[in-house]
Amino acid sequence: MKLFKSLLVAPATLGLLAPMTANATEVNLNEISNFSDIENIELSESFKNDDLSINSLLAGGEGLVEDHSHDGSFSETTTASFGANFYIGATDTDDGSSTANDLDDSISAGYDFGIALNTSFTGEDSLDIAIDAGNASTFGEFDADSTAGDMLVVDGVSYTFPVGGATMIVGDNTDGSALFTTACVYGGPSNTLDDCANVNAGITNGGAMVGASYDFDNGFTAAVGYAGPEGAVLTEESLDAYGVNVAYTGESYGVSVTYGVLETSTTEENTYTALNGYYTPEGLPSISVGYETGDIGGAASSVDEQESFFVGLTFDEVGPGSAGIAAGFSNIVEGSDEEYMYEAYYDYPLNDGMTITPLVFIKEVADAGKDDTTGVMVKTSFSF
């Protein structure tokens, strides 16, 4: 097939990495410099000190302070982690047409970059900020990020803290299900199957949110969550979402039930229930399964139900890495044919900070006039 022959150009794309890295560094430094005006800021004594071995700026803030005063500097409990992904792949989505929109054997490449900042003030709480940049949000089946003009943007802010024996979280642009536990150990990289069929019940509105969870210390956990849209929340006009989750996780198996309610632009609500479970037998691959059913409020009686299904196997030790295979479908409405997706991936760690993940998948298309989609993709991940 032309699809696989075209992948021979993949080595040439490695030449993109150097200029892409150089450009990203230049852009980020220029953007960061805009945060401060050195003509209007009085440097602290720690920065005036000529002893750079003491005052070097490190990710965790070491060297900036010698006590707990934090006068304009990072606290000793602040940490930063960084990650970058490069993507390349080809998909065959030939629909038999000869139009310019025919995506037969198309090849794509892209990247994304993320920063995670974490700070604790009491030792039991955590302020978390996610910052992202990239140009790969529509890159096939990989869950990649994209921002306007490849600019760094804040992708989420949350604060987690204990209240009595429970854990609370408040945030913005953070999933309302942030404290939910989904009983799934499959770690595939694709968008379609990485939710383990818990697609809608695990609410992801992305606006202002609040949640709570409780660990019973015997394997059982319970959690609730709420997420609103950007702007006004908890009003008659706002499209709010809320859910509840109960789970049990043991040494070799686990189960969870998640129930979510999503308000719609009509007076009706969409409700979803997701069931998940996993089993990890000794010496054999682990198995994860999931099923979600939804009631689409206000829909015609013939299409008022929606289903998602997933089953996946994970092989923890395959040579130097790990592998997985899975099958499933997502958000199929009643009366429609299931459009299954089948995938296989391999995680190969080159070193402690670099992993290569190839993914091969076939995605069924119910339309009789179109062929199934076939894809071969590779993600190279860096963490530092």
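This chain uses plain numbering: 1 for the first residue, then up along the sequence.
Side-chain contact of T204 with D175: a donor-acceptor pair under 3.5 Å is absent, judged by distance alone. Side-chain N/O atoms of Y242 and E263 include no donor and acceptor closer than 3.5 Å. Inspection of the T78 and T119 side chains reveals an N or O donor paired with an N or O acceptor under 3.5 Å. Side chain to side chain, D125 and S120 meet the donor-acceptor criterion of an N or O pair below 3.5 Å. Looking only at atom types and distance, the side chain of S126 has a donor-acceptor partner in the side chain of D128 under 3.5 Å away. Residues D240 and Y226 have side chains that bring a donor and an acceptor to within less than 3.5 angstrom of each other.
Minimum heavy-atom separation, V257 to L275: CG2-CD2, 3.8 Å. Heavy atoms only, all atoms of each residue included: T174 and S158 are closest at OG1-CB, 4.0 Å. Looking at every heavy atom in both residues, T280 comes nearest to E251 through OG1-O, 3.8 Å.
Y345 and Y186 have perpendicular rings, their planes meeting at more than 60° on a 0 to 90° scale where under 30° would count as parallel. Using the six-membered ring where Trp is involved, F216 and Y214 have ring planes that are perpendicular, over 60° apart on the 30 and 60° scheme. F86 and F382 have perpendicular rings, their planes meeting at more than 60° on a 0 to 90° scale where under 30° would count as parallel. Ring geometry for F309 versus Y340: interplanar angle over 60°, hence perpendicular rather than tilted (30 to 60°).
Here N270 contributes atom CG and L262 contributes atom CG; the two are 6.5 Å apart, rounded to the nearest 0.5 Å. Distance check: N245 CG to N198 CG gives 8.0 Å after rounding to the nearest 0.5 Å. Between T167 atom OG1 and E124 atom CD the span is 9.5 Å, to the nearest 0.5 Å. We find the OG1-CG distance between T79 and N118 to be 4.0 Å, quoted to the nearest 0.5 Å. Rounding to the nearest 0.5 Å gives a distance of 8.5 Å between CZ of F361 and OG of S190.
In this structure, the side chain of S177 engages the main chain of I203 through a donor-acceptor pair within 3.5 Å. Under the 3.5 Å distance criterion, the side-chain polar atoms of T160 are left unmatched by any main-chain donor or acceptor of I169. Judged by distance alone, the side chain of E292 and the main-chain N or O of A201 form a donor-acceptor pair under 3.5 Å. In this structure, N85 contributes its side chain and D112 its backbone to no donor-acceptor pair below 3.5 Å.
Between C184 and Y278 the shortest side-chain heavy-atom distance does not fall below 4.5 Å. The shortest side-chain heavy-atom distance between C196 and N276 falls under the 4.5 Å cut-off. The shortest side-chain heavy-atom distance between N200 and N331 falls under the 4.5 Å cut-off. D132 has its side chain out of reach of F113: every pair of non-hydrogen atoms, C-beta onward, lies at least 4.5 Å apart. Within the 4.5 Å cutoff, side-chain heavy atoms of T357 are placed close to those of T355.
Within a 6.0 Å radius of CG in D352, no more than 12 heavy atoms belonging to other residues, nucleotides or ligands are found.
The existence of a salt bridge linking K363 and E343 is excluded, since no basic side-chain nitrogen approaches an acidic carboxylate oxygen closer than 4.0 Å.
Aromatic pair Y248/Y253: centroids less than 6.0 angstrom apart.
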